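Model, not experiment: these values are computed from the prediction. Counting from 1, the numbers follow the sequence of the chain as shown.
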Amino acid sequence: MVIRPRQDYWSLAPWCCDRLFTALQTRRLPVLCQTSELSYEDVAALAERYPTLPLIIIGADYRSQRILLPLLEACSNVYLSIGSNYIVQRGIEQCVETVGARRLLFGTGYPDVDMAGHISQLMYADISDDEKRLIGSGNLDRLIQGVQR
């Protein structure tokens, strides 16, 4: 599920969205949080209010690394998609070292952007092949398997 509070004109305040997020948390349905729609503070607040709801940050760019690492450390239910704008020199390695490979998801931003750079970034990252497999597909598979019907 993708949430777009700015574009769709609704509030992340509990009085407005608590029923929605409680239902999503009950189902453990992963929620895509686009950085153009939610601030990192918004994501952190949601992660704290709904601690078993998987929140996936998408659209993070190279300037966000100083914010992303502490956010990932503080909120164990927040994940990072390393596609699209996320081109950070040794960023994958920093994230794996800080919170482990289980919190990263592979994304490309296709069809809006060429995916070759993102594939190369993961392929040539200085991490183990098992960590690359987790990031490449294993983590998303695990999150999808965790959805409650």
If you take all heavy atoms of [X] and [Y], which pair is closest and at what distance?
X	Y	result
C17	S11	CB-O, 3.7 Å
E93	R90	OE1-CA, 3.1 Å
A13	R49	C-NH2, 4.4 Å
S81	I58	CB-CG2, 3.6 Å

Side-chain heavy atoms under 4.5 angstrom apart, residues restricted to Ile, Leu, Val, Met, Phe, Trp, Tyr: same cluster for [X] and [Y]?
X	Y	answer
L140	V2	yes
M1	I144	no
L53	I56	no
L29	V31	yes
L72	L46	yes

Tell me if a side-chain donor or acceptor on [X] pairs with a main-chain N or O of [Y] at a distance below 3.5 Å.
X	Y	value
T35	G59	yes
R103	V78	yes
R27	R149	yes
R102	L134	no
R4	E37	no
N139	L105	no
Q34	L32	no
D42	S39	yes

| Pairs in or reaching into residues 46-76: which pass ring pair (Phe, Tyr, Trp, His ring centres under 6.0 Å), with residues at least two apart or in two chains? |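 The answer is F21-Y50.
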| For T52, all residues meeting side chain to side chain donor-acceptor pair (under 3.5 Å), sequence neighbours excluded |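 With neighbours one apart ignored, the set is Q25.
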Is the shortest heavy-atom distance from the side chain of [X] to the side chain of [Y] under 4.5 Å?
X	Y	result
E73	V99	yes
I82	F106	yes
P54	N77	no
S36	R6	no

Interatomic spacing from [atom1] in [X] to [atom2] in [Y] - rounded to 0.5 Å:
X	Y	atom1	atom2	value
D130	I135	CG	CD1	11.0 Å
L80	L55	CG	CG	12.5 Å
L122	E131	CG	CD	10.5 Å
L68	Q65	CG	CD	6.0 Å

| query | Excluding sequence neighbours, so at least two apart, what forms salt bridge (charged side-chain N to carboxylate O under 4.0 Å, His left out) with D129? | reply |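 Once residues adjacent in sequence are excluded, D129 has no partner under the salt bridge (charged side-chain N to carboxylate O under 4.0 Å, His left out) criterion.
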| Within 6.0 Å of CD in Q148, more than 12 heavy atoms from elsewhere |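 For Q148, atom CD is crowded (more than 12 foreign heavy atoms under 6.0 Å).
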| task | Output, in order, the C-alpha distance, side-chain angles, deciding distance and verdict of side chain to side chain donor-acceptor pair (under 3.5 Å) for Q121 and Y86. | result | CA-CA 10 Å; Q121 183 179 2; Y86 188 80; 5.8 Å; no
| field | Y40 side chain to S64 side chain, donor-acceptor N/O pair below 3.5 angstrom | value |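 There is such a pair between these side chains.
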